[in-house]
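As C-alpha cells, the structure follows; a few thoughts come after it.
Just so it is clear: chains get the letters A, B, ... in the order the sequence lines come, proteins before strands, and each one is counted from 1.
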Amino acid sequence: MKSQLKLYNSLTRRKKIFTPLHPPYVGMYVCGPTVYSEAHLGHARPAITFDLLYRYLLHLEYKVRYVRNITDVGHLENDADEGEDKIEKKARLEHLEPMEVVQKYLNSFLKNMQDLNTLHPSIEPRASGHIIEQIELIKEILEKGYAYEINGSVYFDVLKYSKKYNYGKLSGRVLEDLQASTRTLDGQNEKKNPFDFALWKKATPGHLMRWPSPWSVGFPGWHLECSAMSTKYLGDVFDIHGGGMDLLFPHHECEIAQSTAATGNEPVRYWVHNNMITIDGQKMARSLGNFITLDQLFTGDHPMLQQAYTPMTIRFFLLQAHYRSTIDFSNEALQAAEKGLQKLLKAIETLKKLKPSLTSTVDIKALWNNCHEAMDDDLNSPMLLSHLFDGVKYINSANDGSEKLTAADLESLKKLFNTFVFDILGLKDEASGGNEEKLADDLMKIIINLRQDAKNKKEWGISDKIRDELKNAGIILKDLKDGADWVKE
RNA sequence: GGUCGGUUUACCGAGUGGCUAGGUAGCGGUCUGCAAAACCGUUUACGGCGGUUCGAAUCCGCCACCGACCUCCA
C-alpha cells in the first residue's frame, strides 16, 4: 500500500495524499439519490465519480466499505407545498403508495447504474429503514445540549454549537451572514434562530410518511439520515464522504454539526465533491426542468437529442472531464465521446492481433507510470485517457509496422489497457455479447465472403449491388486490407 | 448582497513559470476497382489591462463576463 493517491479535500481546499484511518480498510460514504422520479444525466456524475474512486481504491488493494444511501423518506419541497413531503406529493398525483413510488424509482435508478457499469456499493441503506437510528441520534444530540424541542419538533441549536465548534467551516459560511440572508420558511417561528435546522418534524395531519418518536408522530429532518447511517456503518470517524457540490451547504455542513455534536469527533477525514453537469452553461437539475433522464439518453427520446447515446458513451463523456470541473452537455460533445471511445476499444481489439518483435521502439513502462500518476493526481481521468491514447497510437503504429513491440511489452500493454480501461475507468465493449449479435456476425461473414468472390472475379456490378442493398437494410460495409468489416447504421 | 469557483484553439476538455495534453471536427497523406472506414501527419489557443520575472496562458493586482451555493437539488 504505497499509494501516492492525492485527493482534493473540500474541507481544507487542497490536495493531500490519502491515508486511511485504519489501513488497509477504507470507509466511504456517498450521498445517493432521492428516489421520487427518474434519474437524469446529473445523477450519473457522482455515480461515476465515486465508482471511479471506489475502483481505484480497490486497484490499490484497499478493502473498501462503500456505503451509498437511498433517500426514501422525502424532504420538504418548497413553501408552496406547505411542507408537504416530496414523495408523498408524487404519491397523490399517481395514486400510489409512497413506498410504491420509492420502489419504482429505486428499481429504475439501480438499472441505470448497472447500465453505466458502476459497481454495487457494499451497503445501500435506506433512510426509512433507519428511523430508529435517527431517533437515537436526536436523543444523543439533545443530551449533549445542542438541540431543543418545541411543539413536538426538534431543532438543532446552531448558535450554541458554534460557541464550541466551527459551524460553516466546510462551506465557508459565516454565521452572521447566514442570519442576514436566511429566508423565511415554514416553521421558522418555532426556531430560536433562522439558521437552526430540523432534526425531527411533527407531521401535519395530511402527512402520510410518519413514524412515532418520543416527541411526536412525525419524520426525521433533512440532513439526519446521512449522519445516522454513516455512523452506523462506518463509525464516528471515517475516511471519505462524497457527494455533489450542491450538497456542500447546507446538507454536509449540517451533517458535520450533527455528528460532531453527538460524538465530539470530526466525522469525515476527506470530503470529496463532484461538480455539476451544465446545459447551455446552466446546472442541469430537476428543479430547473432542463434535465435529460438517463433512459432518454439511452433511447434518444428527447427533443434535445439528435441520437441515442449508449451508457458507455455517457460514461466516457463524463470521464473525459475532471470530476471537479463542470462539464457542458451537447450533442457535439457526446458524439465526439462516442467516436473517441470507439477508437480506444478498436485499438484494444487490434492489440490482441499484434505480432511480437525482437525489440521495442516504445516505452511501455513509462506509459504505466504516466497512467498511475494521472490517477494518483486527484483521479485525473482526462489525463489518464490522454496517456491511454498514446498507447492507442503505439498499437496502431505497431500494426502499421512503424513501431515495434516485444512479446513482453505486448503482454504488458494488454495488461495496462485491461487494468486502466476496464478495471479502473469501468468502460466495457458494448458490441460484444448476445446470441443475436453472434448470428448476425455469422450471416455477415457469409455475405462478405460471397462478395469477396465477386470482387476477385472483378464482377464489380455484383459486389456493388451487395454493398448497396446492405446499405438499404441499414448495414454499412467497410472494406479492409484483408476482408471487410460491417457496422449497423 | 455574501461565499466560492470559472473564462484555454472550430467544439468538448486537461495542464503547467520555459517542454505538442487528449478526443472530435477541419486539412494533407497512406490504403483502395470505386466508396466508406481505418491509420499516419498537421493548422488555428490560453477574457482585458497592469505588475513580478531572464521568461507567464501558468504567480500577484484591478476590471469585465459566466456559473455554483446561500431553498429541495447529484
So, does the side chain of A:Arg173 form a donor-acceptor pair with the base of B:C69 at under 3.5 Å?
yes

Would you mind telling me which of B:C40, B:C12, B:C69 lies closest to the side-chain atoms of A:Asp400?
B:C40

Does OP1 or OP2 of B:G23 have a side-chain N or O of A:Lys343 closer than 4.0 Å?
yes

Would you mind classifying the nucleic acid contact of A:Leu388 as base, sugar-phosphate or nothing, using non-hydrogen atoms under 4.0 angstrom?
nothing

Looking for any heavy atom pair under 4.0 Å, which part of the strands does A:Thr278 touch: base, sugar-phosphate only, or nothing?
nothing

Between A:Asp409 and A:Ser360, do the side chains contain an N or O donor and an N or O acceptor separated by less than 3.5 Å?
yes

Can we say A:Asp115 and A:Lys111 salt-bridge, meaning some charged N sits less than 4.0 Å from an Asp/Glu carboxylate O?
yes

Sidechain N-carboxylate O distance under 4.0 Å for A:Lys15, A:Asp377
yes

Pair assignment for B:U43, Watson-Crick or G-U wobble, requiring both distances under 3.5 Å:
none

OP1 or OP2 of B:C11 versus the side-chain N and O atoms of A:Ser330: is any pair under 4.0 Å?
no

A:Phe389 aromatic ring stacked with six-membered ring of B:G23, 5.5 Å and 30°:
no

Who is the Watson-Crick or G-U wobble partner of B:U9, with both distances under 3.5 Å?
none

Among B:A74, B:A14, B:G33, the one nearest A:Lys283 by side-chain distance
B:A74

My understanding is that a pair needs two contacts under 3.5 Å, Watson-Crick or G-U wobble. By that rule, which nucleotide pairs with B:G61?
B:C49

For B:G1, the Watson-Crick or wobble partner whose two distances fall under 3.5 Å
B:C70

Out of B:C69, B:G23, B:G22, which nucleotide sits closest to the side chain of A:Ser386?
B:G22

Does a side-chain N or O of A:Asn275 approach OP1 or OP2 of B:G5 to a distance below 4.0 Å, or not?
no

Between B:G2, B:U24, B:A21, spot the one nearest the side chain of A:Lys339, thanks.
B:U24

Cationic N near anionic O, under 4.0 Å, A:Arg467 to A:Asp464:
yes

Does a side chain donor of either A:Asp328 or A:Thr326 reach within less than 3.5 Å of an acceptor in the other side chain?
no

B:C39 phosphate, OP1 or OP2, under 4.0 Å from A:Asn399 side-chain N/O:
no

Side-chain donor/acceptor of A:Arg467 to base of B:A35, under 3.5 Å:
yes

